[in-house]
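Step one of this worksheet: look at the structure below.
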Amino acid sequence: MKRRRIGAIAATAFAVLAATACGGNSGQVVESVPVESTTQATLGAESDAGKEDVAQGEALEAEKGRFSQEDPSEYLKTYFDVEIGQDVDAASFSENLKKVAGGEAPAIEGGLTWMAALDGAVKAADYEELALSYPEEKAQGRLEAYGIEAAGLEGAQKAVLACALDVSLVTEADGKRAAAGEAFTPADEGRLLMQVADANGDGRNYLGMASDPDIYGKLDQAWNSFILFDDSQLSQVGKAAVEQGITTGYGIKSAAYDARFLPDLTLQYGHSDMKHARQLMGLLNSEGIDAKVQLEPKVSIYQYLLEWGPVPEPTPTYEVKEFDGLYLVYAVEYDLKLEFGNTGDMLRFDSVIQEFAKKNEGNEDAVGLIYGSWWQPLYSTVREGMPEDGYHAIFDCVVTNGMYSIHPFALPEDKDAVIDKLKELSGGLQVEAEQRYCNTAFYHYLKGEDYQ
């Protein structure tokens, strides 16, 4: 059983975001804005606060005793409840392997050596038959190609090692250590378990790094593949919520696109234009900020008012549906997930958006800003301890049905009432409130306090 975790992902709308509020395209509604259950963050500081942001980030880093992004221990703990101990043995490794790969993962018999661990990992990652297909001559040749001397290994062990190298379960350096009979350490266990998770499709799900030269084309290719999707049961709940005034709009997302990033280093940034996303990648590069990138589609659903004009013809990415006089827009948009390499970059993102990707009074024409900059951009995180002057608590009121979920937002003072009403409408579906922290401009939008 390979575990594709179906976490409640997110996007949503507490209210409909008109273009005059967000993007400035008069007469056109942009969306009921998004949010999700994984993370996003930024600090709400002025453009000259970058150094202060980094200092705050370092303080948070020290407080939490965080691992570096390259250490898999935190990821294994977050998604698989795996804790790597100071000592490793066959029993603990077997237990952890089952947590990562499922109950059918093999148990390690006898002592825990590199080769015993690799044999279990190859089977847990579904490469057993491939390993068995290596004749001894082929296995020997593959090991030689990696510069590995394997005179001390038996034929079956050579095949396992060659297979593990060919499918990238281990690096050449670790392959040489395994062949030499070196000790299998806790650090080795973490790396190998993470590789098994990735092989099974249960690790991060992302397009690449913001710094990758081809990230721009990958964003476009992903965006061009998105079309409208829906869940009939959730659609009924959402429609009733709009009819009853519980929310003016919401978003629906599919867990199939979940980035599965580390929540405490991730922010989610919602928008509707791909040209903006591509320019945002360039902006991050120009500011020396890198991050893992995933594009998650969401369908924003909000009320269409007939005074906006005739109902447009449907397309694969936009449709207006009529329900007994209630007209609802279904529009494909996206949440850009960014997992940063450190807390300082994550916090500095806010000041970068404030300076280069947010419209303000006096610059209505968005001079010096990237394309598609909004009055009230939206990014949020589930990370606790964000700077209070830049992030504000809201709730994502998530209703989940299998791999689909809808996400109306609520202010803290409205959360209980919204959750109670959604439970009444949900017919037994899972309903839960997830606390998130959104940027100041979007918080002002939800409060109705400031168009900026």
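The basis for the numbers below is simple: all heavy atoms, side chains too, and nothing from hydrogens, waters or symmetry mates. Small disclaimer: the values here were computed from a predicted structure and weren't measured. Residue numbers run from 1 in the order of the sequence given.
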>> I want to check a possible cation-pi pair here: Lys275 against Tyr371, using under 6.0 Å from ring centre and within 45° of the ring axis as the test.
In response: yes

> Does the pair Gln279 and Leu283 meet the rule for a side-chain contact (heavy atoms from CB on, under 4.5 Å), with working shown?
Replying inline: CA-CA 6 Å; Gln279 291 197 11; Leu283 175 60; over 6 Å; no

>> Ignoring hydrogens, what is the shortest heavy-atom contact between Tyr318 and Leu228? Give both atom names and the distance.
In response: N-CD1, 3.8 Å

> More than 12 non-hydrogen atoms from neighbouring residues, nucleotides or ligands closer than 6.0 Å to CD on Gln435, yes or no?
Replying inline: yes

>> Less than 6.0 angstrom separating the ring centers of Tyr379 and Phe349, yes or no?
In response: yes

> Sub-3.5 Å donor-acceptor pair from the side chain of Lys358 to the main-chain atoms of Trp375, do we have one?
Replying inline: yes

> Can you tell me if Lys359 uses its side chain to pair, donor with acceptor, with the backbone of Glu364 under 3.5 Å?
Replying inline: yes

>> So Ile406 and Val398, do their side chains get closer than 4.5 Å, heavy atoms only?
In response: no

> For the residue pair Val293 and Ala210, what are the closest heavy atoms and their distance?
Replying inline: CG2-N, 3.6 Å

> NZ of Lys298 to OG of Ser272: how many Å apart, nearest 0.5 Å?
Replying inline: 8.5 Å

>> Donor-acceptor pair, distance only, cut-off 3.5 Å: does the side chain of Asp290 make one with the backbone of Ser211?
In response: yes

> Which salt bridge (Lys or Arg N to Asp or Glu O under 4.0 Å) pairs, counting each pair once, include a residue from residues 307-316, with sequence neighbours left out?
Replying inline: none

>> Quiz question: by atom type and distance under 3.5 Å, do the side chains of Tyr437 and Glu384 form a donor-acceptor pair?
In response: yes

> For the ring pair Tyr250 and Tyr302, is the centre-to-centre distance below 6.0 Å?
Replying inline: no

>> Are the side chains of Lys337 and Asp258 in contact, using a 4.5 Å heavy-atom criterion?
In response: yes

> Hey, is Arg348 close enough to Asp345 for a salt bridge, meaning N to O under 4.0 Å?
Replying inline: yes

>> I'd like to know if the side chain of Gln430 reaches the main chain of Thr400, judged simply by a donor and an acceptor atom lying under 3.5 Å from each other, with no hydrogens or angles considered.
In response: no

> Pro312 versus Tyr304: any side-chain heavy-atom pair under 4.5 Å?
Replying inline: yes

> Side chains of Ile84 and Leu193: closer than 4.5 Å at any heavy-atom pair?
Replying inline: yes

> Atom NZ of Lys447 and atom OH of Tyr445: how far apart are they, to the nearest 0.5 Å?
Replying inline: 14.5 Å

>> Please report whether the ring centroid of Trp374 lies less than 6.0 Å from that of His276.
In response: no

> Applying salt bridge (Lys or Arg N to Asp or Glu O under 4.0 Å), which residue pairs with at least one partner in residues 219-243 are found, sequence neighbours left out?
Replying inline: Asp220-Arg278, Asp230-Lys321, Lys239-Glu243

>> For the backbone of Phe229 and the side chain of Tyr330, can you confirm whether one donor and one acceptor N or O come within less than 3.5 Å of each other?
In response: no

> Does the Asn360 side chain pair with the main chain of Gln452, one donor and one acceptor, at a distance under 3.5 Å?
Replying inline: no

> Just by distance, do the side chain of Asn285 and the backbone of Met281 share a donor-acceptor pair under 3.5 Å?
Replying inline: yes

> Are the side chain of Glu172 and the backbone N or O of Asp174 linked by a donor-acceptor pair below 3.5 Å?
Replying inline: no

>> So Lys253 and Glu296, do their side chains get closer than 4.5 Å, heavy atoms only?
In response: yes

> With Ala105, which residues qualify under side chain to side chain contact (heavy atoms under 4.5 Å, CB included), at least two apart?
Replying inline: Leu97, Lys98, Ala101, Ala124

